[in-house]
Structure formats: structure tokens, C-alpha cells
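Chain letters run A, B, ... following the sequence lines, proteins first, then strands; residues in each count from 1.
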Amino acid sequence: MIDIKLLRTDPDLVRENIKKKFQDEKLPLVDEVIALDKEYREAVTRCDYLRNQRNVISKRIGMLMGEGKRDEAEATKKEVTAMADEMAALDQRKVELQGEIRKRMLVIPQIIDPSVPIGKDDSENVEIERFGEPLVPDYPIPYHTDIMKKFNGIELDAARDKISGNGFYYLCGDIARLHSAVLSYARDFMIDRGYTYYIPPFMIHSSVVNGVMSFSEMENMMYKIEGEDLYLIGTSEHSMIGKFIDSFLEEDSLPQRLTSYSPCFRKEVGAHGIEERGVYRIHQFEKQEMIIVCKPEDSPRMFDELWKNTVDFFRSLEIPVRTLECCSGDLADLKVKSLDVEAWSPRQQKYFEVGSCSNLGDAQARRLGIRIKSKDKQKGNYFAHTLNNTVVAPPRMLIAFLENHLQADGSVTVPEPLRPYMGGKDHLE
RNA sequence: GGAGAAAUACCCAAGUGGCUAUAAGGGGCUCCCCUGCUAAGGGAGUAGACUGGGAUAACCGGUGCGUGGGUUCAAAUCCCACUUUCUCCGCCA
């Protein structure tokens, strides 16, 4: 959601932004919002006036009653009755208008950062950095589930056919242990960098869902609990950003660097579906996440910090990665700027997404009411900026891990930082 | 899950239809005075937020007693629903 005051003062900026995102179909919304807002403010002004009159007259009735002048009081009552209908009508209209305005505001995209490359879709994302050699070994790299099966590490059939359906899995043995090890290592990796560790709620109210994501994301991602106002989180970002709902933060308490663990549940309705076999795209996975809440002027710097954390994490596990900057057309509506971190797949001989780093600007803060108390009275309170990034999300990450560490003899090496979490083992066989 | 009690400002708390929410009283905090040293006394200040008009001013309005409705000219106060907390009972890792 963008600032309604921005629409009042500079609708052209908003229009330009919509065009950059190739969402011309949303252009009419701008004029609609401006017109609705005008009508809304007129209604408010009139309504406030009437209410003021009523308050004054009611007080007078009270005084007359107190003085025992009943007849005069009864006569005065009639003055108010005349206003009641108009006020009721205006009140109703105000609610309608607010709803109409909000409906439109929610789908008008956030103003993107000037540094974001302009492009239609993900094919026009721009590679900005690479680390590690994207090597292709001279021995074959099997499909990741086949590597897992060789270690008796995955049971897909039972999960799919009898228990939960396609998109679910059992991990077991060393592969399950590896999964936990990666998450534990990721947790400690972030704690060592000064992030506070959280285990958040795994279900959240709809009010939080609406605050942290756009409507289309919600439709395609979120599982709803039947009969309750609760949704399973798609990422701990949802409950972690939601934590700040309706709050005022002290300037001195910022930036807040948090890292959280949670299972993540996603319907995966839409473009990709879950047609890929294996554990690349699934309904349930686990993730170590990082989020930052900061002052607006700090968010570009924080964005770089977040991104580097993930890159460093993968480098420490000796997995080659590259970073792609999302172009305007591929940027979700709430995002100001976003990067995808991709890991190398020796089997497919291409990179695939393992993490996504986003600066949401004040979009989530506006929806959720996350404000910063200004020490400068003149300046007034202002909205915070929110950012999030994946540290690591297995089991998808295990695909990269297994493919890159698989040896010619079929064993898998365990990089040094992970060994303490794997009972000291330096390889799996 | 059942029964009872409660929700007012930074904290405690008074207020049971209007004439002090312009929120009593206490505590805390900030400043000042007196005093002169692990103290005591006196005085002043202490809603914030959202929002409309106005010029991003001065200023003038609207909303606010857990949340949402209702009754009324007028609701902290009366009615309904919900939420949360506390006590007791039941159940459970």
C-alpha cells in the first residue's frame, strides 16, 4: 500500500511506477482512488461538523435538564433529531468509501527503488555477483531424490499416497539429520552475527496476513484453518514482521536484527505448481529466516547486510552461488527491491533459487502500523522499513548440498562447519 | 471445556446516563524552590494516537474508558456479542 498523501500530491509518480512494473491495467485505479478520497474527505468534513453541533446541543440539553427546564430541553432535542438521518447516511457512506479506497490501495504497487532494472518478467533479472566455481564433475550426478534414497534418507511414496498427498515427504536417517544440522548451523551462524533468535507462532490471524503480503500472494500461498481466523505461515517472516503490528519503536532500539526458525506451509497454487518431482517445490519445508526493522534511511545498508549473510553462509558450506537482481516486472507488489540468491546445480548445470532478499520499504509498516517514535517533535512519528531474507530453507537447499558434495565413490563430504552438528562426521556413505 | 471476577492514562485507582475525561486520589517520571548530603518538605508539568479543514503555519474541528455492535438528544456508566487477564474446577505434552 502506498501513501494516500502521495496520491494527493504526486499521482504521476505512482503512475510511472505502475508502468515500470508493466501493470498498465492498474492505471485507472489511481484516478479512482483520488476521486473516492475527495468524496471521503468531504463526507468527513460534513460529518464532523454535524457531530460537533450535536455535541454542543446535547450538552445544552443536559444543562437545561439540570436547571429543571424540561420543556426547553424537549424543544432542543428536536434540533438534533433533524441531523440524525444525515449523519447516519454519511457514516455509512464513509465506511463504504474507506473500503473502496483500501481495496484499490492494497493492489497499487509499492514505489520501487530507482536502482531496480526495468524488465518484463524473471527472464530479465540481472546477475550481479558470483562466488565459487560452477564445476561439473566427470562422474554422473543423480537426481537429488536418488541420492537421498541411496542413503535411505527419503520416503516419498507413503507421504504422497497415504498420508498427506503430493508435495509432502518423510526425511529420515542421515539425510534428516543433515537437514536439522543445516538449520542448527544456520541458527548459530546468524546468532554469531548479532541476530536475536526467535521461534515464532506458526499460525497467524488474517489481519497479520493482510499486512505482510499482497492479496494475490495470500490466495496462492496460505492454508487457512477451518472455522478459525488462523492461517498457517508460509514463512516466519509473516509472524516476525507481524510481531510489530500497531507498535511504536524507539529510535534507539533500531535497527532490530532478528533471525527466526519455522516450518513453512505453502499451497503453491499458480505459475509453477508442484509439478517437479522430489523436494524442490513442496507444501511443507523448514526455514531459518532473518528480518530487520529499521529507520528508512538505513534500509539500503541493511539490505546489503542481509544479502551478504546468505552468500557468506553458502560459501562457508562450499556451495557455489550467484545473485540475481529482480527486475521491475518480477518484483512483488510490496517490494522496493529484491535479490534472489541461487545455488549451483552440477546435475542441471544451472543455478536455482535458494533464497530471496527483500526490502519492503514502508509497505508492510503502513499496513501493520509499525511506526517509529521521533525524538524530533517537529518531524513527528514515521513508518519503519522492513526487510527479510532467507538464511537457508531445506530440504530444497539439500539438493544443492548433495549435488555439490557428492563424490565419485558415491559418498557425500560434510564441510567442516557442519561437522559438529553431524556428530563429527566428515562424510556420509 | 465449566463457574465466578475483572479490563479507565506510564503504574495503581475513583467515577453507575448530562452540569470536571477539561479523568478525582495515589505512585512514578521531568523541571523549579527550600534544605545541605544514602533524607525530608513545597510548587509546576505529565495523554498518546489516528483523522478533517487550513499553507507541511497559527488556529478550529472529529474519534478514544479491552474490541465490535445496540438503546438515547446524550453512554466509561444501560443492553448484546466477542477478546484477554485473574481465581477455582476439569483435561492435557
Self-check item: Length of the CD1-P vector between A:Ile101 and B:G52, whole Å
Solution: 10 Å
Quiz item: When all nucleic acid strands are considered with a 4.0 Å heavy-atom cut-off, which category describes A:Tyr49: base, sugar-phosphate, or nothing?
Solution: nothing
Practice problem: Please state the C1' separation for the pair B:C59 and B:G54 - nearest whole angstrom. | Solution: 8 Å
Practice problem: In whole angstrom, give me the gap between the C1' atoms of B:U67 and B:A7. | Solution: 11 Å
Exercise. Scan side-chain atoms only and decide if A:Ser262 and A:Glu286 contain a donor-acceptor pair under the 3.5 Å cut-off.
Key: no
Quiz prompt | Spacing of A:Leu97 atom CG relative to B:G52 atom C1', expressed in whole Å | solution = 14 Å
Report, one pair per line, the protein and nucleotides 72-77 of chain B atoms (nitrogen or oxygen only) whose separation is under 3.5 Å.
{"from": "B:C73", "atom 1": "O2'", "to": "A:Ser58", "atom 2": "OG", "distance (Å)": "3.1"}
{"from": "B:A74", "atom 1": "O4'", "to": "A:Ser58", "atom 2": "OG", "distance (Å)": "3.4"}

Quiz item: When syn is taken as a glycosidic angle within 90 degrees of 0, is B:G64 syn or anti?
Solution: syn
Self-check item: A:Ile370 CD1 - B:C50 P separation (whole Å)
Solution: 14 Å
Quiz item: Mind checking what makes side chain to side chain donor-acceptor pair (under 3.5 Å) contact with A:Asp333, not counting sequence neighbours?
Solution: A:Gln23, A:Lys26
Quiz item: A:Ile245 has an atom CD1; how far is it from atom C1' of B:U83, in whole Å?
Solution: 15 Å
Quiz item: B:C29 and B:A9: how far apart are their C1' atoms, nearest whole angstrom?
Solution: 14 Å
Quiz item: Is any N or O donor-acceptor pair between the side chain of A:Asp48 and the base of B:G61 shorter than 3.5 Å?
Solution: yes
Quiz item: Looking only at side-chain N and O atoms, does A:Asn55 come under 4.0 Å of OP1 or OP2 in B:U63?
Solution: yes
Quiz prompt | Inter- and intrachain pairs under side chain to side chain donor-acceptor pair (under 3.5 Å), touching residues 300-316 of chain A, at least two apart | solution = A:Tyr185-A:Ser316, A:Arg193-A:Asn309, A:Arg193-A:Asp312, A:Tyr195-A:Glu305, A:Tyr195-A:Asn309, A:Arg257-A:Glu305, A:Asp298-A:Arg301, A:Trp307-A:Thr323, A:Thr310-A:Asn389
Quiz item: Separation of A:Arg8 atom CZ from B:G53 atom C1', in whole Å?
Solution: 12 Å
Quiz prompt | Per A:Asn381 side chain, nearest of listed nucleotides B:C19, B:A49, B:G52 | solution = B:A49
Exercise. Compute whether any side-chain donor of one residue and acceptor of the other, for A:Thr386 and A:Gln364, lie under 3.5 angstrom apart.
Key: yes
Quiz prompt | Nearest-angstrom distance, P atom, B:A75 to B:A21 | solution = 13 Å
Practice problem: Drop me the distance from A:Gln284's CD to A:Glu268's CD, to the nearest 0.5 angstrom. | Solution: 12.5 Å
Quiz item: Taking CG from A:Asp229 and C1' from B:C82, how many angstroms apart are they, rounded to a whole number?
Solution: 13 Å
Quiz item: Could you state the CZ-P distance from A:Arg367 to B:C50, rounded to the nearest angstrom?
Solution: 19 Å
Quiz item: Looking at B:G62, B:C50, B:G52, which one has an atom nearest to any side-chain atom of A:Arg51?
Solution: B:G62
Quiz prompt | For B:G61, the Watson-Crick or wobble counterpart (both distances under 3.5 Å) | solution = B:U51
Quiz prompt | Spacing of A:Leu339 atom CG and A:Ser358 atom OG [to the nearest 0.5 Å] | solution = 8.0 Å
Self-check item: Residues A:Tyr421 and A:Asp188: side-chain donor-acceptor under 3.5 angstrom
Solution: yes
Quiz item: Taking RNA chain B as the partner, which of residues 34-47 of chain A come within under 4.0 angstrom of it by heavy atom?
Solution: A:Arg41, A:Val44, A:Thr45
Practice problem: Round to a whole Å and report the spacing from CG of A:Asp246 to P of B:G64. | Solution: 18 Å
Practice problem: Sticking with atom C1', work out how far B:G18 lies from B:A74, rounded to a whole angstrom. | Solution: 7 Å
Quiz item: Taking the P atom of each, how far is B:C12 from B:U8, in whole Å?
Solution: 7 Å
Quiz prompt | ring-ring contact (aromatic ring centres under 6.0 Å, His included) involving A:Phe303 - partner list, sequence neighbours excluded | solution = none
Self-check item: Backbone N/O of A:Leu230 and side chain of A:His205: donor-acceptor pair under 3.5 Å
Solution: no
Quiz item: Below 4.0 angstrom from OP1 or OP2 of B:G61, is there any side-chain N or O of A:Asn52?
Solution: no
Quiz item: Want to settle it: does A:Lys94 or A:Lys373 sit nearer the 5' end of RNA chain B, counting the closest nucleotide to each?
Solution: A:Lys373
Quiz item: What integer number of Å spans the P atoms of B:G68 and B:U84?
Solution: 16 Å
Self-check item: Same-atom distance (P) from B:C78 to B:A6, integer angstrom
Solution: 11 Å
Exercise. Apply side-chain contact (heavy atoms from CB on, under 4.5 Å) to A:Met87 and list each qualifying residue two or more places apart in sequence or on a separate chain.
Key: A:Cys47, A:Leu50, A:Arg51, A:Arg54
Quiz item: Does one side chain, of A:Ser236 or A:Lys287, offer a donor that lies under 3.5 Å from an acceptor on the other?
Solution: no
